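Let me begin by presenting the structure, written as structure tokens, before commenting on it.
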Amino acid sequence: MGRWLKNPARLKTLSRLKNPWVLVAMASIGAGVPSVVVPGEWPVWGRALIAVVVAGLSGASGTYFGVALTRAENAAAAIEALHSALDPLIHHPQGLAGGERSVFELLLPQSCPTPFWGRRGERDWLWAWCQEEAAPGLLVVDGPGGCGKTRLALRAAQEAAADGWVAGWLREGKAADLVDAAAAVADSRVLVLVDNADTRTDLASLLGALARYEGRARLRVVLITRHGVELGQALQSHLPEQHALLVKSAPVISLLPLGETSDLIRWYGEAVRAFAATRATQVPPVSDTIAPVREGQTMVEVLTQAMVTVLRQAAPTGSPAPLDEVAGVLFEHEARWWRGTAALDRWAVGPVTDVLLARIIAALALFAPADEPEAIGVLRRVPELADASAERVTNLARWAHSLYPPAAGAGVRLGPNLLADWFITTSLTRTEGDRHFARHLLNDPTEEQAARILTLLARAGEHHPPARSLFEQLLGGDPVRLARHAIYAALTTATNRRELDHTTATALAAADLDPDTTTRLLELTPAYALPRCALTLTRHRLHGARATGTPPELADALTDLAAALERVGEHREQVLVTREAVGLRRGLADGTPARRFDLAEALGNLSVALNGAGEHREQLLAAQEAIDLCRELVDGDPAYRHALGRALGNLSVALHHAGDPREQLQVAREEVDLRRGPADDNLTYRPGFGRSLIRLAVALHWAGEHREQVLVAREAVGVCRELADGDPVHLPTLAHALTHLAAALSRVGEHGEQLLVAREAVDVCRELADGNPAHRFDLAEALIEFTAALYRVGEHGEQLLVARETVRLCRELVDGNSAHRSVLRRALGNLSVALHQVGEHREQVLVAREAVGLCRQLLDGNPLHRFDLAESLGNLSPALDRVGEHREQVLVARDAVGLCRELADGNPAHRRVLGQALGNLSAALDRVGEHDEQLRVVQETVDLYRELAAHDPELFHQAYVDNRATLRRLRPQQGDQDDITFNL
């Protein structure tokens, strides 16, 4: 039945059966009236009429045929409803002036004359998803603008249509109708494409209908968007959980620009020929070896370059033109086309200018009106048309829609998004007159209009920065009403999110938000994605709590603000806020012992804040007080064990800064043991368990237990990766775990894996820092480990580039917070090593001296930095050797050895660093001829590495052998001819 109904001719025949007389006659004939009653030689209409009477007398009105015919009618109506909810896959543009046509139409996938290139694997995967009955009904195709997402989806849909599927583009506002119609057709197969899914105002309706869908028809929906994960994040807070999960759990095909340079050159040539043939113009000369393309370009960029070549009729060069230049050429052509078509008598639009026509197209493309009355309302926003006659405005709307037929039932189909976004942005921002036009156009839109426009401007800002000022202008006009739409728009973008977070936060800071609005907006704002917005909203909440809240409500608001401040790296203010919260909680706990838990939590938060601000002495006191409280609570009720775990984690960090590695390791082990069981039983506790594993890995490092450190760091990465796969809020923890695993692998000599892990850590941290500058510290730490990994595998060119980037980043961090000087010191140390590898020894000395000076400053405030100073002196010593400063080299090397002896006496884990310092001192003494002292130093070094090799031969045996060889070489020079034999 389904296949029969899909035949258009048969559908037409069935529609004729809806005539009442025909239906009654068919029902009667189907009742099985005997031929003796209705003679076979009678005409059909006569037999039908007699059959109606007989059937009526015999009660045949309820026969099966009647029911079946009703079902067939319903199925036919459902198929018609499906088609009415979908636009055709292919659009055939028509020239309106002497055969002339839009060049933008030819660049759209729906009407582009070029072949479909590549993507065989993605096409096969998409087709397999269509065919698999158990597959989820929703698929996301994402990738950079212009890389071919829509072309891929269209190609798959064309193949599906050829196989009998109902396929098309979802029309705006037809989502519910589509799903209802699919449910009414039992054996149909339906493939629906939703282009620009992030800007669709009916996306919530679609997801709601899909969540309720229980039909037997195979319904497949493809969402096409630039940022699939980000779209899921945006929907998660704006839709019921069940609907948002449809996107979050949907499979994703992520596309990147396609083809090597040779492919792009060939495709460019084919596109030039196809465009020239379609436009009936001469084919410009093209080359098989040279074209204005470069590897990494998107498909749209290649096609637009080809179109410019056809329009200019010029031989191509080997350098692609910038997007602004290409777009300008194409829009110059469109402007001439607009002028020519508007002059036709058929439109009766009166005198027009190029500026007016461009503003009409820009307004309709931006607002995407759903019908003619709405389009007329949009055009009234154009200053030149505010007082124009109704007839003229109507004619102009019809003219525009004839040039660019509405895409999926809304707006004008102007062209590829990269070009359309450029045109809209420049039309509203290029001159003061354009900006005046923008103020009129964007004044007081409806919420639905504002939602779409803000999302489109967020997308446009990724390639055209002036779009951000339009976003700010629109939001600033009514921030209270439009804030939720701005938050959604900011969430849908990735490369532009940081700027939009700041813009939206600024607008919210100046807005008069009531408590209910503040609460609703906070519920819509994922703090990890939009940290500045979250901070501004928590400030509003605190302001309300100070005015009308109770002491517990005020303490809660302070706690939330402290967390928001930590996310943006405002540690000084975070300390002030957490101290106030502790004071409130302490007063409440004095009167109500049941509130001691709240006090313990507040003390833990204070410990975290003090750590960020570098106030490590007070940090230890706060962490210890929290531990004492939590142990008392656990003694009374084991349910507080989770709180004790958090307190142990804070104490472990504080003990690290206090320079107590033994107790740090003991506390870290207790925390992991406490958290492991609950984390195995309840996924809610796994994030805390992952962080506890990271802290244990750090403690094992300072205790010198590097083999176990690797095992624990691997487990931490496994836990954190699983969490981050399920929710990107856990990406920062994964980044920390990866950074610590890279460091652990370095200490056991696994340098190949160390490099892979360090690269991944940097990639994750770059993504995080792009969205939130507070993660630049995490990026700096990841870059430090990455630089070390590059050194270990001999990639010295990249090592130097990364080392310089790290130092620049750390200087910026120190400018904002002097507590980051320790990280800058490490970055300078890495840079000095990298400079040595490429022979830049003069600069190496300068950098190494700066690191030493920085360490001496740090040491004045905290003895823990003795290790940092020893390490920096160890870098300075060989640097001085390279520039011939051998006397200073000896002094520096002796200073380093003295520090390392103190460190090793307090913590045997530092004997490894002592061995390196002794090696530097031996080399320095050799340079100045101090062979007696050198001999004693080498003997001490051999004894040290003998002990270390006995504990871990794999790590230290080679160092022992090398130093033993040095000792053999030195002894004969001192008259000692004894044969020296050492055994492990």
Side-chain angles (χ1 to χ4, degrees), residues 199 201 324 327-328 331 335 338 352-369 373-390 392-393 396-397 400 410-412 414 420-490 493 496 499-512:
T199 64
T201 58
D324 281 2
F331 273 102
W338 298 339
V352 293
T353 65
D354 287 351
V355 171
L356 174 59
L357 295 179
R359 288 180 176 180
I360 290 170
I361 299 297
L364 294 174
L366 182 61
F367 276 77
E374 191 175 334
I376 292 170
V378 170
L379 293 188
R380 289 292 185 189
R381 293 173 173 270
V382 178
E384 295 92 329
L385 299 178
D387 300 319
S389 68
R392 186 179 189 220
V393 175
L396 284 167
V412 296
L414 184 55
D421 294 347
W422 178 90
F423 172 67
I424 292 170
T425 302
T426 55
S427 296
L428 272 63
T429 61
R430 185 164 36 193
T431 67
E432 182 54 41
D434 294 333
R435 291 187 284 274
H436 175 71
F437 164 53
R439 287 190 287 272
H440 278 268
L441 189 65
L442 299 178
N443 182 46
D444 195 27
T446 67
E447 284 209 39
E448 185 171 299
Q449 289 171 336
R452 182 186 188 278
I453 293 170
L454 285 167
T455 308
L456 187 148
L457 293 174
R459 181 189 72 194
E462 295 181 357
H463 294 276
H464 314 298
R468 299 169 193 162
S469 65
L470 296 172
F471 184 99
E472 181 179 4
Q473 175 185 326
L474 176 55
L475 175 60
D478 192 351
V480 176
R481 182 170 68 98
L482 302 183
R484 65 189 184 97
H485 303 304
I487 289 168
Y488 174 85
T493 181
N496 208 25
E499 290 78 7
L500 297 183
D501 182 26
H502 277 269
T503 297
T504 308
T506 301
L508 289 172
D512 184 15

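These numbers come from the heavy atoms of this one structure, side chains and all, not from hydrogens, waters or symmetry mates. Note that the coordinates shown come from a computational prediction; the quantities given were computed from them, not determined experimentally.
Between the side chain of R381 and the main chain of A438, no donor-acceptor pair closer than 3.5 Å is present. Under the 3.5 Å distance criterion, the side-chain polar atoms of T493 are left unmatched by any main-chain donor or acceptor of A490. Put simply, the side chain of R468 never gets that close to the backbone of A458: no donor and acceptor are under 3.5 Å apart.
Side-chain contact between V480 and D512 is absent, with no heavy atoms from C-beta onward closer than 4.5 Å. Under the 4.5 Å side-chain criterion, counting only non-hydrogen atoms from C-beta, L379 is in contact with L364. I453 is not listed as a side-chain neighbour of L470, based on a closest heavy-atom distance of 4.5 Å or more. Put simply, the side chain of I361 reaches to within 4.5 Å of the side chain of F423, judged on heavy atoms. You'll find the side chain of L474 stays beyond 4.5 Å of the side chain of Q449, heavy atoms only. Considering only heavy atoms from C-beta on, L428 stays 4.5 Å or farther from R359 through its side chain. Using a 4.5 Å cut-off on side-chain heavy atoms (C-beta onward), Y488 and L454 make no contact.
At a cut-off of 3.5 Å, with distance as the only test, a side-chain donor of D324 or W422 sits close to an acceptor on the other residue.
Other residues, nucleotides and ligands place no more than 12 heavy atoms under 6.0 Å from the CD atom of E448.
The nearest pair of heavy atoms linking T425 to D421 is OG1-O, 2.8 Å. Nearest approach of A388 to R380, heavy atoms of both residues: O-NH1, 2.5 Å. Contact record, A451 with H485: CB-ND1, 3.5 Å, taken as the closest heavy-atom pair. Between A507 and L475, the closest heavy-atom pair is CB-CD2, 3.7 Å. Summarising the geometry of D434 relative to R430, their closest heavy-atom pair is OD2-CB, 3.2 Å, with the distance given to 0.1 Å. Closest heavy-atom contact between A467 and G461: CB-N, 3.7 Å.
Atom CZ of R484 and atom OG1 of T504 lie 14.5 Å apart (nearest 0.5 Å). Once rounded to the nearest 0.5 Å, the distance linking OG1 of T455 with CZ of F471 reads 8.0 Å. Residue L457 holds its CG atom at 9.5 Å from CZ of R452, rounded to the nearest 0.5 Å. Summarising the geometry, atom CG belonging to L482 is positioned 5.0 Å from atom CG belonging to D478; distances are rounded to the nearest 0.5 Å. Taken to the nearest 0.5 Å, the NE2 atom of H502 stands 12.5 Å off from the CD atom of E472. The line from CG of L396 to CD of E384 is 11.0 Å long, rounded to the nearest 0.5 Å.
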- Walk me through it: do L385 and L356 pass the test side-chain contact (heavy atoms from CB on, under 4.5 Å)? CA-CA 9 Å; L385 299 178; L356 174 59; 4.1 Å; yes
- Test log, rule side-chain contact (heavy atoms from CB on, under 4.5 Å), inputs I424 and H464: CA-CA 10 Å; I424 292 170; H464 314 298; over 6 Å; no
- Task: Determine, stepwise, if the pair L442 / Q473 fulfils side-chain contact (heavy atoms from CB on, under 4.5 Å).
- Result: CA-CA 8 Å; L442 299 178; Q473 175 185 326; 3.9 Å; yes
- Message: If you apply the rule side-chain contact (heavy atoms from CB on, under 4.5 Å), what do you find for D444 with R481, and how did you get there?
- Response: CA-CA 10 Å; D444 195 27; R481 182 170 68 98; 3.4 Å; yes
